[in-house]
2 protein chains.
Amino acid sequence: MASTDRRHAGVARALRPSTKVLPGQARAHNRSLVLQLLYREGPMSRADIARSTELTRVTISDLVAELIDERFVIEHGPRDESRPGKRATMIDIDRAGHQMIAVDLSGDDAFRAAVVNIGGEVVERCEVPIDGAQGPDAVAQALAVIDDARARASAPLLGIGVGSPGVIDDLGIVRVAVSLGWTDVNLRTAIAERTGLPVTVMNDVNVAVLAEHSFGQIESDDVILVRIGHGVGAGVIVGGVTFRGSRFWDGEIGHVTVGTGEGPLCRCGRSACLEAWVGVPHLTAELEHLSSETERSAFLRDAGAYLGIALAPIVRTLDLTDVVLSGPPELLGGDFLVGAHDTLLERAMVGDPDELSLRMTTLGHDNVLFGAVVLVLSGQLGVS
Amino acid sequence: MASTDRRHAGVARALRPSTKVLPGQARAHNRSLVLQLLYREGPMSRADIARSTELTRVTISDLVAELIDERFVIEHGPRDESRPGKRATMIDIDRAGHQMIAVDLSGDDAFRAAVVNIGGEVVERCEVPIDGAQGPDAVAQALAVIDDARARASAPLLGIGVGSPGVIDDLGIVRVAVSLGWTDVNLRTAIAERTGLPVTVMNDVNVAVLAEHSFGQIESDDVILVRIGHGVGAGVIVGGVTFRGSRFWDGEIGHVTVGTGEGPLCRCGRSACLEAWVGVPHLTAELEHLSSETERSAFLRDAGAYLGIALAPIVRTLDLTDVVLSGPPELLGGDFLVGAHDTLLERAMVGDPDELSLRMTTLGHDNVLFGAVVLVLSGQLGVS
DNA sequence: GAATGTTAGTAAGCTGTACTAACAAACATG
DNA sequence: CATGTTTGTTAGTACAGCTTACTAACATTC
């Protein structure tokens, strides 16, 4: 009988944990669907939206009226093109009608923020030097750069998105961020109380991969982004959704042992950690000792190979199609990338090289900032 | 302008691809919520369900009436316990009221099927020898074992769940299954047309991890199951949902290169593949050459270590808490497991050993069969 | 230029979902 | 026995999206 009970408990867990759904939530969903479509397709008529969503024209008219009322959508006058039938009225997102604040706390020297409109265009940029601030002082600096941005906004603010280093839970509490001296800092609440706006906080690497998926040139819904700086971190999107580990330690790949031989000493005290192989401090230090270009090239290729070794089991298990590297392009963009790519193809036994793309981010240093934009867009306008 | 367009396209992708939601679908969701709850908690009153789901008693009464009408739920008479107020009428899932057919095509020698009731109890078992059947013959054998099971069912059938080897897409088409000589075999449609029942087909390892998550003793919603037989495959559940690669090649981890030194030759022609290190043929062949117990023990521990090496980057990146091994317990259950566990803890830098569990499946050979049960339960009664 | 057919958008009424309010039945307790 | 609680139901309400039917506006054809 005990075994029977256990079985019941088990099946319940297989069915996804969920809560009630009210009709109103269905409407919110359909509302987002309309916004989504307008984003992707640009200006279109109510009838177009109805055909695309398979909702009726009546329902779409109703939803659009609501969105126009809230200033998220505007009428653009009659369609240019000439067709039989009544001329259609074009509708579009009011891309300049609302703005949001994107915050990047991942810099070594400064906290950066930007005022961005719904269309993803940066309207204003601000920066506040960190000056080695730690703990509460660092929080104050973060609030300062947000205050600055808020003062420069020229339209109603939708919300605030923050990409921060450290281990961050789903409530926006920074469990630990060594570089800023934070332990259990409730960043989300701190910013929300200061500004009265909806705030979303996420780990910088997770946010960077969001940006890559949204603003980068990626077709796939399964992407991994590896960020190489002092440390090494990864962000994973599977099925179009950011993957978050149950204890929020996902992507903390820097101290995985790589290789079955000897390896360089890591600052964590062990040796052959991925971070010890490919972290920026190690790369620059080694390159200084190498004079000839051939030596430097071979070294970078070898270092890249170690990244490939670590990634192979992940790429194969998740059947990933896109791997993106973020970090100093002068170090990673050349031989390092080639070494990583070659090794990855070989060790993951990818037959056709076209099946696996490994490349540098196309967004450069702004990827965290744009990821923060995605946080706000999906949180405030999206489907959740 | 082109860059602006690209941005819009990007943001649209970030918002999850979705379709319209009708009020009726919300009701279906709430209906499943009730079933879920009854599964987990066992018999309870309508008022209990209302409190748990935060839907009103009225709504619950309505949903329960519908479920009773469809024979999924039965009234169990008044509650035993004596409390103030009107005595509650207990209701429960009618666990014997419907049955389903679970099919396991992963065996080396035989196709197996079972008639299982909603409660997860096996009512009948059938088996059909494969006898080396290939291609269409193998399909015929699979249909035969299903016919057999169908004839033995003693209650209305809810549907059919199938766990099959090979690469299987989301439509239930077996893209390729080497051992059965299948290429682009539409197994789902073949079975559906023969039986007229809803059919779900999934890769055997993915199905096995479903079983582990539902019927096994696992708390976590993030699990990886590694199945070691002739080959090596993995199945991943993240956030309680089976992970499926965009090209359905997820979990095909057998031919990832492991280690940075020499390695045994693999049947694929390369060397140091995971399968070459830990596949059953290699393990048994090597063990034959070893006479002393210490040698055998050391060998198995080393072999397990190679599995640990391959798993470390995955476990760290996904922050997994549970790793489950499936395969011959006499080979994997002892020193092999210890070697894998030790290596994994060390190389993934898991501080507290309690944070990562690595163990054998508790369901033994039946894990694919029970996974097929989960397919039907979640497909026909579950959410989404 | 008038007739015809097509398309866009709106108005009215219907169906279905979940809600609140109110009630009777059944029970324990003081 | 009176009182208070709990259960499950009935009646009526709010809201979402539907169908049906309409008007306005347009191109095409005669």
Side-chain angles (χ1 to χ4, degrees), chain A residues 18-35 37-38 41 43-70 73-92 383, chain B residues 18-35 37-38 41 43-70 73-92 383:
Chain A
S18 50
T19 42
K20 61 173 176 177
V21 170
L22 270 31
Q25 320 204 3
R27 183 169 175 92
H29 178 100
N30 291 335
R31 221 182 81 118
S32 292
L33 194 61
V34 172
L35 285 172
L37 200 63
L38 287 172
E41 304 293 335
M44 55 199 305
S45 75
R46 288 168 238 252
D48 292 334
I49 299 175
R51 274 186 291 267
S52 240
T53 58
E54 294 185 308
L55 289 160
T56 60
R57 289 204 308 275
V58 182
T59 304
I60 294 300
S61 274
D62 197 45
L63 286 168
V64 166
E66 191 179 298
L67 288 168
I68 288 178
D69 218 52
E70 296 171 26
V73 160
I74 44 173
E75 287 198 333
H76 259 188
R79 166 180 273 145
D80 288 346
E81 197 185 338
S82 171
R83 293 193 251 176
K86 175 176 169 180
R87 185 152 261 176
T89 317
M90 302 304 279
I91 306 285
D92 196 11
V383 184
Chain B
S18 49
T19 44
K20 62 173 175 177
V21 171
L22 270 31
Q25 323 207 0
R27 182 169 174 93
H29 177 101
N30 290 335
R31 219 183 82 118
S32 291
L33 196 60
V34 171
L35 285 172
L37 199 64
L38 287 172
E41 305 294 335
M44 55 198 307
S45 76
R46 289 169 238 252
D48 292 334
I49 299 175
R51 273 185 292 266
S52 240
T53 58
E54 295 186 308
L55 290 160
T56 59
R57 289 203 306 276
V58 182
T59 304
I60 294 300
S61 274
D62 197 44
L63 285 168
V64 166
E66 191 180 297
L67 288 168
I68 287 178
D69 219 51
E70 297 171 26
V73 160
I74 44 173
E75 286 199 331
H76 259 187
R79 168 179 271 144
D80 287 347
E81 195 186 337
S82 171
R83 295 194 251 175
K86 175 178 170 181
R87 184 153 263 178
T89 317
M90 303 303 278
I91 50 187
D92 196 10
V383 186

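Here is how names work: the chains are called A, B, and so on, in the same order as the sequence lines, proteins then strands, and each is numbered from 1.
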Below the 4.0 Å mark, does D:dT9 have OP1 or OP2 next to a side-chain nitrogen or oxygen of B:Ser61?
yes

In Å, rounded to the nearest 0.5 Å, how long is the span from CG of B:Leu37 to CZ of B:Arg51?
11.5 Å

Once rounded to the nearest 0.5 Å, what's the spacing between atom CG of B:Leu35 and atom CG of B:Leu67?
5.0 Å

Distance, rounded to the nearest Å, where A:Ile91 contributes CD1 and C:dA8 contributes P
13 Å

The side chain of B:Val58 is closest to which nucleotide in this list: C:dA25, C:dC19, C:dA28?
C:dC19

Does OP1 or OP2 of D:dC18 have a side-chain N or O of A:Thr56 closer than 4.0 Å?
yes

For A:Pro23 and for B:Asp62, locate the closest nucleotide of DNA chain D by heavy-atom distance; then report the residue assigned to the nucleotide nearer the 5' terminus.
B:Asp62

Chi angles and distances behind the side chain to side chain contact (heavy atoms under 4.5 Å, CB included) call for A:Glu54, A:Leu33
CA-CA 11 Å; A:Glu54 294 185 308; A:Leu33 194 61; over 6 Å; no

Let me spell it out: for each of A:Thr89 and B:Ala26, pick the nucleotide of DNA chain C with the closest heavy atom. Which residue's pick is nearer the 5' end?
A:Thr89

How close or far is atom C1' of C:dA8 from atom CE of A:Met44, stated in whole angstroms?
14 Å

Show the nearest heavy-atom pair for residues B:Pro43 and B:Met90, with the distance to one decimal.
O-CE, 3.5 Å

Looking at DNA chain D, which of residues 46-55 of chain A put a heavy atom within less than 4.0 Å of it?
A:Leu55

Determine the sole option in B:Val73, B:Ile91, B:Leu63, B:Thr59 for which the side-chain contact (heavy atoms from CB on, under 4.5 Å) test with B:Val34 is passed.
B:Leu63

Can you measure A:Glu75 atom CD to C:dA8 atom C1' for me and round it to whole angstrom units?
12 Å

From NZ of A:Lys86 across to C1' of D:dC26 the rounded distance in Å is 10 Å

A:His29 NE2 - D:dG17 P separation (whole Å):
10 Å

Below 4.0 Å: OP1/OP2 of D:dG17 and any side-chain N or O of A:Arg27:
yes

So what does A:Arg57 hit on the nucleic acid, given a heavy-atom distance under 4.0 Å: a base, only sugar-phosphate, or nothing?
base

Can you measure B:Leu33 atom CG to C:dT17 atom P for me and round it to whole angstrom units?
16 Å

Rounded to the nearest angstrom, tell me the gap between atom CZ in B:Arg79 and atom P in C:dA28.
13 Å

According to a strict under-4.0 Å criterion, is A:Asn30 in side-chain N/O contact with OP1 or OP2 of D:dA16?
no

Take A:Arg31 and A:Glu70 through the side chain to side chain contact (heavy atoms under 4.5 Å, CB included) test and state the conclusion after the steps.
CA-CA 12 Å; A:Arg31 221 182 81 118; A:Glu70 296 171 26; 2.8 Å; yes

Rounding to a whole Å, what distance do you find between A:Arg31:CZ and D:dG17:P?
12 Å

Are A:Thr59 and D:dC18 close enough that a side-chain N or O sits under 4.0 Å from OP1 or OP2?
yes

Donor-acceptor side-chain pairing of B:Ser45 and B:Asp48 below 3.5 angstrom
yes

